[in-house]
Amino acid sequence: MRLLHGMRRPANWLQLVRFGVVGATGFVVNIGVYALCVHALGIHYLLSGVLAWTVAAANNFWLNRHWTFDAAAGRAHFQAMRFLVVSAVAFGVSELLLGVLVEAGGLPKVPAQALAVAASTPLNFLGNKLWSFRLDR
């Protein structure tokens with residue numbers, strides 16, 4: 001019932017669109033850093049995933065806090081800790097999927113990374129909306 005009520009509010013749809021824009025920005029940052037690390041720097045693909053996630057997570061935290069969820073009034077350190085927990089869980093799912101896609105699926109590393117990141121996005125949105133940046137009233 002709560003979900004249906006939330007779906008009727010235009011503000012929630014706008015927030016979802018903003019999250020998508022931030023996610024797309026983070027996705028580009030993630031893939032760019034990942035490709036740079038793997039191809040230009042010769043770093044192992046799994047470690048490259050960690051580095052790419054770190055840079056993208058910092059970018060996404062700032063944009064989500066200040067734009068998507070308009071939560072700049074909240075305590076940044078609490079939001080950051082929650083954001084990192086949510087992001088780490090989503091990253092863990094993504095990293096596991098990356099290993100499966102590369103090792104068992106035989107996919108090239110960069111497309112596998114793209115699929116793995118995209119697959120973890122819904123988990124990331126829900127965790128951040130409902131916990132990291134929720135407005136306590």
Side-chain angles (χ1 to χ4, degrees):
M1 196 58 138
R2 184 176 174 195
L3 178 63
L4 292 175
H5 177 68
M7 290 175 64
R8 291 186 195 133
R9 297 186 62 214
N12 287 337
W13 290 102
L14 179 59
Q15 194 174 58
L16 180 60
V17 169
R18 286 182 176 168
F19 186 83
V21 170
V22 171
T25 302
F27 180 77
V28 169
V29 168
N30 186 299
I31 296 303
V33 171
Y34 183 80
L36 175 73
C37 289
V38 168
H39 295 300
L41 302 176
I43 298 172
H44 189 270
Y45 75 95
L46 289 176
L47 179 55
S48 294
V50 172
L51 296 173
W53 174 81
T54 302
V55 175
N59 172 74
N60 288 0
F61 173 75
W62 193 89
L63 288 173
N64 279 320
R65 182 171 191 263
H66 292 281
W67 187 54
T68 304
F69 299 108
D70 193 23
R75 293 184 175 160
H77 62 285
F78 287 129
Q79 292 170 340
M81 289 185 317
R82 289 177 175 182
F83 180 84
L84 286 174
V85 168
V86 170
S87 295
V89 169
F91 171 70
V93 169
S94 175
E95 198 75 349
L96 286 171
L97 186 55
L98 174 62
V100 169
L101 292 172
V102 170
E103 300 298 332
L107 286 176
K109 294 170 185 156
V110 173
Q113 172 72 352
L115 287 172
V117 169
S120 68
T121 297
L123 173 65
N124 212 345
F125 175 74
L126 289 174
N128 283 306
K129 177 164 179 61
L130 299 176
W131 190 49
S132 302
F133 299 108
R134 77 171 180 244
L135 297 174
D136 294 322
R137 298 184 196 263

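Computed over heavy atoms, backbone and side chain alike; hydrogens, waters and symmetry mates excluded.
Looking only at side-chain heavy atoms (C-beta outward), Val55 and Asn30 stay at 4.5 Å or farther from each other. Leu123 is listed as a side-chain neighbour of Val89, based on a closest heavy-atom distance under 4.5 Å. Counting heavy atoms from C-beta on, the side chains of Trp62 and Trp67 never come closer than 4.5 Å. Trp53 has its side chain within reach of Ser87: a pair of non-hydrogen atoms, C-beta onward, lies under 4.5 Å apart. Residues Val50 and Phe91 are in side-chain contact: their nearest non-hydrogen atoms beyond the backbone lie under 4.5 Å apart.
Here the straight-line distance linking atom CD of Gln113 with atom CG of Leu46 works out to 9.5 Å at 0.5 Å rounding. In this structure, the separation between CH2 on Trp13 and CZ on Arg18 is 15.5 Å, given to the nearest 0.5 Å. Between the CZ atom of Phe19 and the CG atom of Asn124 there is a distance of 4.5 Å, given to the nearest 0.5 Å. For the atom pair His66 NE2 and Phe133 CZ, the distance stands at 9.0 Å (nearest 0.5 Å). Residue Leu98 holds its CG atom at 9.5 Å from NZ of Lys109, rounded to the nearest 0.5 Å. Considering OG1 of Thr68 and CG of Asn128, their distance stands at 9.0 Å, rounded to 0.5 Å.
Residues Leu115 and Leu97 come closest through the heavy atom pair O-CD2, 4.4 Å. Considering every non-hydrogen atom in both Ser94 and Ser120, the closest pair reads CB-OG, 3.8 Å. In terms of heavy-atom proximity, Pro111 sits nearest to Pro108 at CD-O, 3.4 Å. When every heavy atom of Leu107 is checked against every heavy atom of Ala112, the shortest pair comes out as CB-CB, 4.1 Å.
By the rule that hydrophobic residues join a cluster once side-chain heavy atoms approach within less than 4.5 Å of another member, Phe78 and Phe83 end up as members of separate clusters. Leu47 and Val38 sit in two unconnected hydrophobic clusters of ILVMFWY residues. Membership requires side-chain heavy atoms under 4.5 Å apart, directly or through other members. The hydrophobic cluster containing Leu36 does not contain Val110, counting ILVMFWY residues as joined when their side-chain heavy atoms lie under 4.5 angstrom apart, directly or transitively. Val102 and Ile31 fall within a single hydrophobic cluster, where Ile, Leu, Val, Met, Phe, Trp and Tyr are joined by side-chain heavy atoms under 4.5 Å apart, directly or via other members.
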**Request:** In sequence, state the C-alpha distance, the side-chain angles, and the governing distance for Val117 and Tyr34, and then conclude on side-chain contact (heavy atoms from CB on, under 4.5 Å).
**Result:** CA-CA 12 Å; Val117 169; Tyr34 183 80; over 6 Å; no
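Judged by distance alone, the side chain of Arg65 and the main-chain N or O of Ala80 form no donor-acceptor pair under 3.5 Å.
Legend: residues meeting side chain to side chain contact (heavy atoms under 4.5 Å, CB included) with Lys129, ordered by chain and number and at least two apart, are Asn12, Gln15, Phe69, Phe125. Applying the ring-ring contact (aromatic ring centres under 6.0 Å, His included) rule to Phe27 yields no partners; only residues at least two apart in sequence or on another chain are considered. Remark: Leu63 engages Val22, Thr25, Asn59 in a side chain to side chain contact (heavy atoms under 4.5 Å, CB included) (not counting sequence neighbours).
With hydrogens and angles left out, the side-chain atoms of Asn64 and Gln79 include no donor and acceptor closer than 3.5 Å.
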